[in-house]
Structure formats: structure tokens, C-alpha cells
Amino acid sequence: MKIFTTVAETVAYAKEQKEAGKTIGLCPTMGALHEGHMTLMRAARKACDIVIASVFVNPVQFGPNEDYDKYPRQFDADCEKLKAEGVDAVFHPSPEEMYPAGYGTYITVENGITDILCGARRPGHFRGVATVVTKLMNITRADKAFFGQKDAQQVAVVRRFVADLNLPVEVCMVPICREESGLARSSRNSYMSAEEKQAAVVLSRSLRKAKAAYEAGERSAEALKAVTRAELEGEPMAKVDYVDLYTYPALQAADTVTEPCLLAIAVYIGKTRLIDNVILG
Ligand code: AMP
């Protein structure tokens with residue numbers, strides 16, 4: 001497995017692969033890799049000749065009071081996991097390599113879909129995501145890029161700017177990978193104590209209750225949100241940030257679920273902010 005830290009060597013590698021007629025799959029990550037990330041690598045491995053993973057904790061997508069400094073970094077262990085999945089190359093740049101002195105270009109999606117859900121709570125987050133993903137797609141000359149449904153709003157935002165900017169990349173969404181308890185796998189789960197992890201199971205449980213209500217015929221957005229919220233509020237360690245429902249992937253407001261809708265939640269368990277979601281319909 002090749003390990004690249006510079007843009008130049010990654011561009012040269014991608015060019016060589018394209019000239020040899022290979023298709024390239026990109027899996028962007030921030031590292032601290034877990035089984036959820038591996039499901040992305042496997043999907044890319046199946047669909048593309050060459051798999052390039054990126055491991056980069058992108059400073060531009062973190063707010064000033066967020067966890068950029070304490071975000072887990074374990075590059076050697078990440079490389080072992082990527083190698084075991086048959087990943088061809090890892091791009092692991094420094095912040096200065098991605099944003100050198102004089103850097104001045106950012107991508108913003110301005111149709112409202114970054115002003116809701118996590119975008120409303122994390123100003124500038126999706127500007128950082130859109131900017132880094134655009135750069136990664138260009139650097140790796142990706143034919144397909146793989147993202148997890150865990151970050152469903154991110155997938156919708158990426159699909160939007162890829163379409164708007166006519167980027168020649170197919171955006172592929174991989175289902176949420178969960179622990180046996182139902183907890184969605186996340187690098188941030190490592191912030192939690194055993195007791196908090198136990199309490200965090202309430203996120204997936206609340207979404208399962210809402211899904212059951214949907215399957216029993218409930219179509220009112222308010223009612224489905226209320227079912228979710230009631231379950232979350234039954235867990236003393238949980239503090240709800242949001243429970244919301246939008247059409248998916250357009251992310252438009254919906255009173256009734258008459259087309260696929262995203263029921264998305266963000267919840268603090270102690271100091272750890274967790275997200276989860278389910279697509280209904
Ligand atoms: P991150 O390293 O948290 O930025 O995540 C990198 C990619 O892995 C994103 O596309 C995430 O949506 C995806 N991902 C993270 N956790 C999971 C999970 N539990 N299931 C599926 N995909 C995931």
C-alpha cells in the first residue's frame with residue numbers, strides 16, 4: 001500500500017492509474033478508523049480498480065470551540081486496517097499541504113441545505129467539508145467517491161455541489177454500520193465512558209421506535225419526531241440537540257412523509273455529541 005503525504009505524488013499516482021485505464025474510488029476519512037470506515041473501503045474495492053483512502057483531520061470543517069485538537073489520531077493503526085482491506089494508496093497530508101500560505105478558495109452550498117440540522121449547529125462545517133472533498137476529488141481524480149449514510153446531510157451536500165459544479169464523480173452512499181448494541185460506529189465513540197456508551201444506545205433505539213411507528217402507518221412528521229424525542233428524553237444521560245425530519249436527499253421541510261424522508265438526530269451524551277438517522281419511505 002502506497003502512503004502519500006504530498007499532493008504532487010498523489011496527483012502523479014492518480015494520473016498514472018488513469019493512463020493505464022483504471023477507475024479510481026476515493027474514500028475520504030478523518031482517520032481513527034473503525035468498521036464503519038471499512039464498509040466504505042469494501043464498497044470502493046468492489047466498484048473500482050484502485051482504492052484511495054484519505055486520512056486528514058480537516059481543520060476548516062471544525063468550529064473554534066469544537067474538538068479539532070482532541071480528535072483521535074492513530075495513523076499507524078489506520079494504515080494496518082487499510083492494508084488489510086486491500087486499499088491501494090493512502091493520502092495523509094498535513095494541514096499546510098492542503099491549505100498552504102495564501103490559500104483562499106472555499107466551496108459553499110447556498111440553497112439552504114447547509115443551514116439546517118448539523119449545518120445550523122456547526123456554522124462553516126459544510127463549507128469546510130465541501131472544500132476539502134472537492135480538493136480530494138481533484139487530487140485523486142476519483143471516478144467514484146464513497147460516503148456513509150451516518151453523515152446523511154453530508155452526502156446530500158456532496159451530491160449537490162458535485163452536480164452544481166459538474167464534477168465528473170459518482171457519489172455513492174454506504175449504509176450505517178452499527179455495533180451489536182445498535183450504536184452507530186463513530187470515531188467519537190472513543191470519547192465516551194462505558195456507562196455513557198451504554199446510555200448512547202438510546203439514539204438507535206429512538207430511531208427504531210420511530211421507524212416502527214412509520215411502518216405501522218404513522219405519516220405525520222410531528223408525530224414521528226415526538227416518538228423519537230420521547231424515547232431520547234427517557235434516558236437521563238441524553239441531552240437532545242435536534243430531532244428533525246426532511247425529505248431526502250433534497251432536504252426540504254415535510255409535514256407528512258409521502259416520499260423518502262430523513263429522520264435525523266443529534267444528541268449529547270455527557271460532552272460527546274453523537275448523530276444518527278434513519279431514512280423512512
Ligand atoms: P469520518 O472519518 O468520521 O469523517 O468519516 C469518514 C466517512 O466514513 C464518512 O463518509 C462517514 O459517513 C463514514 N462513516 C463513519 N462512520 C460510519 C458508520 N458507522 N457507518 C457508515 N459509514 C460511516
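Start at 1 and go down the list; that is how both ligands and their atoms are numbered.
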- Query: Is there at least one pair of N or O atoms, one from Cys177 and one from ligand 1, spaced under 3.5 Å apart?
  - Reply: yes

- What about Ser187: any of its N or O atoms under 3.5 Å from an N or O on ligand 1? no

What do we get for [X] next to ligand 1 when only non-hydrogen atoms under 4.0 Å count, side chain, backbone, both or neither?
{"X": "His37", "result": "side chain"}
{"X": "Pro175", "result": "backbone"}
{"X": "Glu35", "result": "neither"}

Of all the atoms in ligand 1, which lie at a distance below 4.0 Å from a heavy atom belonging to [X]?
{"X": "Leu40", "result": "7 (C), 8 (O), 10 (O), 13 (C), 22 (N)"}
{"X": "Phe147", "result": "10 (O)"}
{"X": "Pro28", "result": "6 (C), 7 (C)"}
{"X": "Arg185", "result": "16 (N), 17 (C), 18 (C), 19 (N)"}

We want to know whether [X] and [Y] form a side-chain donor-acceptor pair, criterion being a heavy-atom distance below 3.5 angstrom.
{"X": "Asn58", "Y": "Tyr99", "value": "yes"}
{"X": "Asp49", "Y": "Gln17", "value": "no"}
{"X": "Ser220", "Y": "Glu222", "value": "no"}
{"X": "Asp88", "Y": "Tyr13", "value": "no"}
{"X": "Ser94", "Y": "Glu97", "value": "no"}

- Message: Whether Arg219 engages the ring of Tyr214 as a cation-pi pair (distance to the six-membered ring centre under 6.0 angstrom, angle to the ring normal within 45°) should be assessed.
- Response: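 Output yes; distance and angle both within limits.
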
- Message: Does the structure place the NZ or CZ of Lys70 under 6.0 Å from the centre of the six-membered ring of Tyr191, at an angle of no more than 45° from the ring's axis?
- Response: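 Positive - Lys70 is close enough to the ring of Tyr191 and near enough to its axis.
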
Closest approach of any protein heavy atom to [atom], naming residue and atom:
{"atom": "atom 3 (O) of ligand 1", "value": "Tyr71 OH, 3.8 Å"}
{"atom": "atom 22 (N) of ligand 1", "value": "Gly148 CA, 3.4 Å"}
{"atom": "atom 15 (C) of ligand 1", "value": "His34 CE1, 4.0 Å"}
{"atom": "atom 12 (O) of ligand 1", "value": "Asp151 OD2, 2.6 Å"}
{"atom": "atom 4 (O) of ligand 1", "value": "Met30 CG, 3.5 Å"}

- Tell me whether the centres of the aromatic rings in Phe75 and His92 are closer together than 6.0 Å. yes

- Kindly determine whether Asp78 and Arg73 satisfy salt bridge (charged side-chain N to carboxylate O under 4.0 Å, His left out), including the steps that lead there. CA-CA 9 Å; Asp78 290 345; Arg73 288 159 171 90; over 6 Å; no

- Message: Going by the closest heavy atom to atom 9 (C) of ligand 1, which one wins out of Gln149, Gln61, Gln154, Met38?
- Response: Gln154

